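Written below as structure tokens is the structure these notes are about.
Numbered from 1 within each chain, the chains take letters A, B, ... in sequence-line order. Just so you know, these numbers use all the heavy atoms, side chains as well, and skip hydrogens, waters and symmetry mates. Every value quoted in this text rests on a predicted model; they were computed, and no experiment measured them.
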Amino acid sequence: MKRLDDRGRIDHDHSFEFTYDGRTLTAHPGDTLASALLANGVDVIGTSVLMSRPRGVVTDNVTDPHAFAQVGTGSVTEPLMRMNEVEVFAGFEAEGRLHQGLLPTERESTRFEKRFAHCDVLVVGAGPAGLSAALAAADAGSRVILVDDHPHLGGALLGGEKLIDDKPATRWVADVEARLRANPDVTILTRTTAFNNGDQGAVALMERVTEHLPEAKRDGRALRRMWQVRTHELVVATGATERPLVFADNDRPGVMLAAGVRGFLHRFGLVPEKLVVFTACDDAYRTAIDLAGAGVDVQMVVDVRKDPQGSLIKRTRELGIEIRDNAAVIGTDGDADGVLTAVRVASLDGGVPEAIACDCLAVSGGWDPLFDLHLHVSGGSRWNRKLVGFVPDGSLPGIRVTGAAAGIFGTAGCRRDGHVVGLVAAEATGHGTTADGPAAPEGHDANEGPTADFVDVPGTERIHAFVDQHRDVALAGVDRALGSGIHHVEHVKRYTLVGTGTEQGRTAKVNAGRLTARHFGLDFAEVGISNARPLAQPMTFGSLAGRSLGVRFDPVRTTSIHPWHVAHGAIFEDVGQWKRPWFFPQGNEDMDAAVLRECAAVREGVGMMDASTLGKIDVKGKDAGEFLDRLYTGVMSSLKPGRARYGVMCKADGMVMDDGVVLRLADDHFMATTTTGGAAGVLDWMEDFLQTEWPYLDVWLTSVTEQWATVAVVGPKAREVMAVLAPELDVTQDAFKFMQLEDAVVAGIESRVARISFSGELAFEINVPMTYGLALWEAVFAAGQPFGITPYGTESMHVLRAEKGYFIVGQETDGTVTPLDLGLDWMIADKEFVGRRSLRRSDMLRDDRKQLVGILPVDSKDRLPEGAQLIDSAEYEIPVSMIGHVTSSYESSAMGRTFGLALVRNGRNRIGETIYAPLADRTVAVEIVDAVIFDQEGARRDG
Amino acid sequence: MELDPNEHALHNAPFLWRTPEPKKSYEAIIVGGGLHGLATAYYLAKNHGMTDIAVVERGWLGNGNAVRNTTIIRSNYLWDESAAMYEHALKLWETLSDELDYDVMFSQRGVLNLAHNLHDVRESIRRVEANRLNGVDAEWLDADAVKEFCPIVDISPEARYPVMGATLQRRGGIARHDAVVFALGRAADALGVDLIQGCEVTGIDVVDGRVTGLQTSKGPIAAGKVGLVTAGRTSLLTAMAGFDLPIQSHPLQALVSEVYEQVLNCVVMSNAVHVYVSQAHKGELVMGAGIDAFNSYAQRGGLHVIEEQMSAGMELFPQFSRARVMRTWGGIVDVCPDASPIVGLTPVENLYVNCGWGTGGFKATPGSGWVMAHTIATGEPHELNRPFSMTRFETGELIDEHGAAAVAH
Amino acid sequence: MFEIRCPYCGPRDEPEFKYGGQAHVAYPADPELLSDEEWARFLFVRDNSRGRYAERWNHAAGCRRWFNVIRDTGTHELVGSYRVGEQPEDAR
């Protein structure tokens with residue numbers, strides 16, 4: 001195409017260079033990639049997906065089935081960008097890739113962000129209807145957000161030469177824009193696409209903030225911004241899209257949609273040399289008229305209708321343009337590159353075709369109203385025979401469709417309807433009334449004749465008459481699908497892939513549906529088209545994620561002692577969101593060596609551990625004890641203040657949910673500890689029962705996990721370390737018994753000290769306010785030096801507890817294990833608690849349930865992998881019946897051998913028996929033993 | 001490889017199915033023309049010689065979860081009962097294209113289940129070991145081996161969810177969902193099954209505790225036996241027969257991207273991050289999101305679930321940042337309390353039910369159809385679906401795939 | 001994304017809430033009196049109907065209170081909310 005200096009909305013006075021497919025081309029500010037390519041004579045932008053046929057730009061908007069490019073390079077390359085949306089700038093780089101894009105190969109650092117907004121009325125689309133609606137609603141006093149995906153307001157008015165109130169329509173647009181911008185309750189977002197509509201007015205927008213600017217001018221601002229708008233009223237004024245006609249070689253570069261040709265003239269000053277128009281409706285005559293007015297040699301308008309009437313046709317005729325009615329373009333010719341050179345025109349009654357030379361064929365098969373935002377929330381649609389298009393069916397609360405989206409095509413009609421819709425929406429939000437509102441604008445639209453219900457040219461060659469140009473599906477492909485016996489348009493789509501392209505089949509779906517209906521002699525109104533699923537426009541993963549990445553997606557939690565762990569070389573383990581020291585290697589130690597050393601220190605001297613991540617829930621109120629009795633299998637109300645008790649809780653199905661020690665601080669004050677990963681869930685669980693089942697109980701729950709830091713001092717020499725740390729505290733056995741609490745000053749810090757042990761060793765857990773955690777830890781470490789105090793991590797903790805047969809929720813349990821399976825019969829008190837009833841269901845009483853036992857590999861050096869399965873015999877053939885699995889497996893420094901815990905069918909009755917762990921490379925014989933393997937008599941607990 | 005819809009355009013397409021009107025009565029009727037319903041009808045005809053049967057479908061064949069899933073196929077489930085059921089299905093998948101003489105594009109490209117913490121590792125090895133002993137192929141890969149098998153997975157230790165390893169089922173993969181609808185429908189039709197579309201069941205006739213027929217939008221149809229294979233809508237159907245089931249229907253959203261050159265050569269799933277993604281034959285990324293927690297029959301969920309999914313996906317695949325979500329959809333998944341299906345008898349004689357596949361029904365298609373057909377034909381459950389009875393909820397003998405680390409997709 | 005009216009805080013976006021399933025299903029007063037079948041019904045069977053549905057939500061990222069909502073499971077229409085102890089007729 002060639003550029004007219006006096007046309008279009010681009011800056012003709014300035015130009016810059018950009019790169020396309022390695023070629024340096026020139027463009028003007030305001031150009032899209034598509035307009036720039038057309039101006040540079042790039043008629044062939046790529047080849048088609050199946051048949052490798054040359055293809056060019058078809059229209060001036062995002063429904064173009066071919067106009068896709070790979071934009072940018074390296075980590076910021078973006079595939080399949082819409083050439084009609086992408087604005088070029090100096091240094092812009094792109095490559096023609098129409099069908100299969102390239103993903104970047106590395107992580108990018110581009111900023112994408114999100115904003116939230118609330119408004120009374122959200123108007124999507126700033127054409128005549130949308131602008132009128134926004135103005136009416138805003139003038140009535142509503143808070144309005146108006147969005148449009150173009151850089152400028154005006155919608156279809158930008159692509160035409162219409163008059164409003166006898167002045168160019170663009171003048172009216174500017175007036176309305178000025179009035180809206182002067183209103184502080186109006187937000188205007190351009191380059192912004194509404195892409196999803198959800199329940200209760202949740203509309204998602206994507207704003208292209210700096211995408212149209214060169215890198216240097218982006219100033220660190222986000223590339224795109226996603227808006228999540230909650231609107232009371234949604235006005236859908238998203239216009240309509242033009243659909244093509246189907247005839248042989250209708251995919252040739254130079255064959256375009258009629259309104260697109262007109263748009264390229266008015267928006268970008270681009271025109272062909274010689275034009276032919278092929279249409280089934282009046283609107284395409286505007287293309288003939290406007291391009292003739294721009295000096296283009298308009299050869300002919302070919303109209304499938306007989307004797308069309310109406311003012312546009314009259315005017316075309318007055319301009320001396322030949323109109324061939326009851327006729328069709330039956331084929332096209334091209335040059336060596338496949339670019340259009342002529343069309344062949346014939347009467348629909350037959351006769352000799354006539355070749356007409358042209359470099360552009362402007363085609364229009366009619367218009368499809370665009371109302372995806374109505375469809376996203378299960379809104380209906382119906383075929384309007386008069387319009388030959390789908391229109392919204394029925395209304396949804398808070399959603400109003402107006403303008404071309406509702407099947408209203410004239411500018412005056414759009415303004416009137418938009419105005420009324422704006423008043424109604426404002427009234428629904430409590431602003432103004434429709435009765436007292438300003439009168440609707442006056443004006444008349446051109447008298448347009450009906451669109452012909454016409455899809456394909458009768459008798460046309462079928463292999464290259466394309467129904468879906470993106471997917472390369474021609475009439476022959478549809479024929480083949482229809483010949484297979486399928487009737488439903490969805491099956492046709494899925495059989496042929498028609499309408500599933502990257503442009504979302506905007507130009508293909510309706511035609512495919514009409515062909516299907518006609519084939520079976522059905523009414524298209526009954527057949528319908530395949531559903532429009534969200535998104536209304538595709539959006540990138542990165543822009544949908546926004547800044548919610550990494551630790552902003554899922555926070556990392558650390559204790560106040562964490563910096564010490566890092567400084568001392570801890571290797572960390574993720575437990576839920578927490579980072580916990582896994583082990584503290586010294587020198588070149590590997591994990592096994594470190595863990596053996598740490599465990600030995602605890603069993604023989606003294607160790608210390610950061611237990612701050614354990615969940616802690618304050619339970620207060622006069623009914624606190626009663627409340628806990630109902631949730632734990634054991635009794636907590638009988639606990640005396642200053643004492644602690646271990647507890648297990650079940651879900652209603654009787655399966656173990658969580659465990660921990662409950663401390664009674666006062667008559668009406670308990671603190672329940674939970675597992676690190678289970679804390680939030682347990683608090684939720686407690687709140688649920690408290691609020692919904694037992695609201696009459698006087699109980700208050702507060703999470704205090706992050707209010708307390710906990711340092712455990714563990715081992716035979718723990719008492720000596722405590723004596724140094726807390727000289728005022730009597731730590732003798734008689735004064736400070738197991739499961740006893742004392743308030744004390746430890747290392748100068750007001751502390752709550754408890755004798756709780758998860759290792760079987762003498763242990764003190766010192767709780768201080770979280771901010772004192774690091775100070776306490778350092779004091780304990782210093783005080784323990786004479787005793788060789790050894791910091792240890794979760795792995796050693798797991799070994800030590802496993803030696804004592806203590807289970808870990810989530811390791812020995814998996815949601816299918818009851819307290820009875822764990823051998824906790826002694827913890828089931830004689831009272832009701834949540835889940836108790838489930839424990840006497842028939843399957844719970846079977847004697848072959850999997851039970852927790854200890855296992856000792858016969859080869860005391862062989863350490864089994866956790867997760868190894870167990871079977872009855874050394875020899876086996878696959879498939880083999882499994883009787884359980886290894887839940888924990890370690891090397892014990894105290895016992896000088898490997899050992900483990902396992903869930904084994906009927907395990908507790910099989911103690912002493914040998915079973916087998918069949919691994920891929922060996923089968924390991926193991927002896928079943930009691931779960932408590934080390935210190936069975938519990939002699940070490942008191943030091 | 002892309003199918004050319006115009007290919008052989010001058011030749012006749014293979015005939016798919018007739019469009020019959022319902023007869024007055026059938027020996028058996030399957031309610032639900034989704035994948036499991038079509039498979040049930042096919043195996044009833046093929047394995048049990050029952051050809052006086054119909055499938056009644058309220059919309060078009062495959063219009064439910066068949067076209068709203070992520071097409072992942074695997075059998076590496078933890079519990080014996082599940083592994084047996086899904087492995088039976090996987091074996092059928094391996095010969096399905098040949099058997100049905102229609103390419104369902106089953107691609108055994110391997111399924112990775114990533115482990116991100118020690119708990120994941122432990123449960124992964126537990127599952128690999130159980131799978132191996134059940135005769136289901138399974139391997140444990142360490143992080144470097146994961147990178148070698150699927151180069152675009154981010155295994156850097158600094159990642160928010162570091163990859164500590166993965167289970168791999170090499171025989172797992174994907175198939176093309178639409179092709180499976182066409183293949184099963186065509187095969188069932190060829191064996192004489194009436195596939196009746198646009199026929200909504202409005203009532204179930206029960207006389208003296210025994211089913212006798214259906215009331216439908218195309219009139220009453222008598223039936224000796226009826227199988228309900230209606231996934232998310234099953235509760236609505238069983239209510240017509242006077243009983244209810246322990247299932248809840250939720251939206252499960254998934255999405256497909258635009259089309260890219262191949263970058264992902266296998267299926268990647270992550271329990272902790274809750275991502276499951278593959279790249280389809282044409283090149284689009286197919287990714288599942290989490291269940292929307294609420295009950296719904298509206299076939300849509302909230303966009304925030306998709307946004308979360310994007311964040312999660314980019315933790316594993318940062319280079320997906322510029323991939324574009326083209327379409328999202330919500331299926332209605334019927335979920336049992338133990339995340340395992342119900343396939344078997346009901347309180348009504350000669351009325352059978354197949355539901356509760358939750359988020360993982362696609363992969364089970366042929367296996368589910370096989371055992372459902374057996375159950376309908378013989379009146380007794382097949383040994384594979386015997387554990388999946390309704391009564392397990394009373395005894396407590398659940399097949400709890402929630403607790404097991406396997407993501408149930 | 002729903003906009004749910006918390007009876008204590010007002011309308012808020014869905015991600016602030018946690019779903020709690022069917023409302024008005026009380027934990028049995030004396031579970032030991034129930035048969036296995038009755039107990040299983042309590043544990044596992046919940047209404048799964050299409051249409052207006054009374055359900056529980058918790059304002060987890062807000063006041064943390066549980067309350068009930070009437071919602072249409074076919075259309076996602078949110079009819080109203082009411083507090084624990086109130087009846088569905090109180091929904092607004």
Inset, instruction - Decide if atom CZ of Arg41(C) counts as having more than 12 heavy atoms of other residues, nucleotides or ligands within a radius under 6.0 Å. - result: no
Inset, instruction - Would you mind checking which part of Leu78(C) comes under 4.5 Å of any heavy atom in chain A, side chain (CB onward), backbone (N, CA, C, O), both or neither? - result: both
Inset, instruction - Could you tell me whether Glu706(A) and Arg557(A) have a side-chain N and a carboxylate O separated by less than 4.0 Å? - result: yes
Legend entry - Close side-chain approach of Phe67(C) and Ile4(C), heavy atoms under 4.5 Å: yes
Legend entry - Choice from Glu32(C), Lys18(C), Glu77(C) maximising heavy atom contacts with chain A below 4.5 Å: Glu32(C)
Legend entry - Residues from residues 623-632 of chain A approaching chain C under 4.5 Å (heavy atoms): none
Inset, instruction - Establish, yes or no, whether a centroid distance under 6.0 Å links the rings of Phe2(C) and His76(C). - result: yes
Legend entry - Gap between atom CZ of Arg143(A) and atom OG1 of Thr231(A) - 0.5 Å precision: 9.0 Å
Legend entry - Shortest non-hydrogen separation from Thr633(A) to Pro819(A) and the atoms involved: CG2-CG, 4.4 Å
Inset, instruction - Please state whether the side chain, the backbone, both or neither of Trp66(C) comes within less than 4.5 Å of a heavy atom of chain A. - result: both
Inset, instruction - Answer whether the closest heavy-atom distance between the side chains of Met206(A) and Met226(A) falls below 4.5 Å. - result: yes
Legend entry - Heavy-atom contact with chain A under 4.5 Å, split by part of Asp13(C): both
Legend entry - Arg841(A) versus chain C, the contacting section by heavy-atom distance below 4.5 Å: both
Inset, instruction - Grab the two heavy atoms, one from Glu113(A) and one from Arg547(A), that are nearest each other, plus how far apart they are. - result: CA-CG, 4.3 Å
Inset, instruction - Assess whether side-chain contact (heavy atoms from CB on, under 4.5 Å) is satisfied between His431(A) and Val144(A), documenting all intermediate values. - result: CA-CA 12 Å; His431(A) 297 283; Val144(A) 174; over 6 Å; no
Inset, instruction - Check whether any side-chain N or O of Thr73(C) sits under 3.5 Å from a backbone N or O of Ser49(C) as a donor-acceptor pair, and report yes or no. - result: yes
Inset, instruction - Evaluate the side-chain proximity of Glu233(A) to Thr429(A): yes if any heavy-atom separation is below 4.5 Å, no if none is. - result: yes
Legend entry - Heavy-atom side-chain contact between Val619(A) and Met636(A) under 4.5 Å: no
Inset, instruction - Report yes if the side chains of Met655(A) and Thr818(A) come closer than 4.5 Å at any heavy-atom pair, otherwise no. - result: yes
Legend entry - Part of Arg56(C) lying under 4.5 Å from any heavy atom of chain A: side chain
Legend entry - Contacts of residues 829-840 of chain A with chain C (heavy atom under 4.5 Å): Glu832(A), Phe833(A), Val834(A), Gly835(A), Arg836(A), Arg837(A), Ser838(A), Arg840(A)
Legend entry - Pairwise side-chain contact, Met1(C) with Pro15(C), heavy-atom cut-off 4.5 Å (strictly under): yes
Inset, instruction - Quick one: which residue pairs count as a side-chain hydrogen bond (donor to acceptor under 3.5 Å, both in side chains) with a foot in residues 83-92 of chain C, not counting sequence neighbours? - result: none
Inset, instruction - Pull out the residues in residues 682-698 of chain A that come under 4.5 Å of chain C, heavy atom to heavy atom, sorted by number. - result: Leu683(A), Asp684(A), Glu687(A), Asp688(A), Phe689(A), Gln691(A), Thr692(A), Glu693(A)
Inset, instruction - Search all heavy atoms of Asn68(C) against all heavy atoms of His24(C) and return the closest pair with its distance. - result: ND2-CE1, 3.8 Å
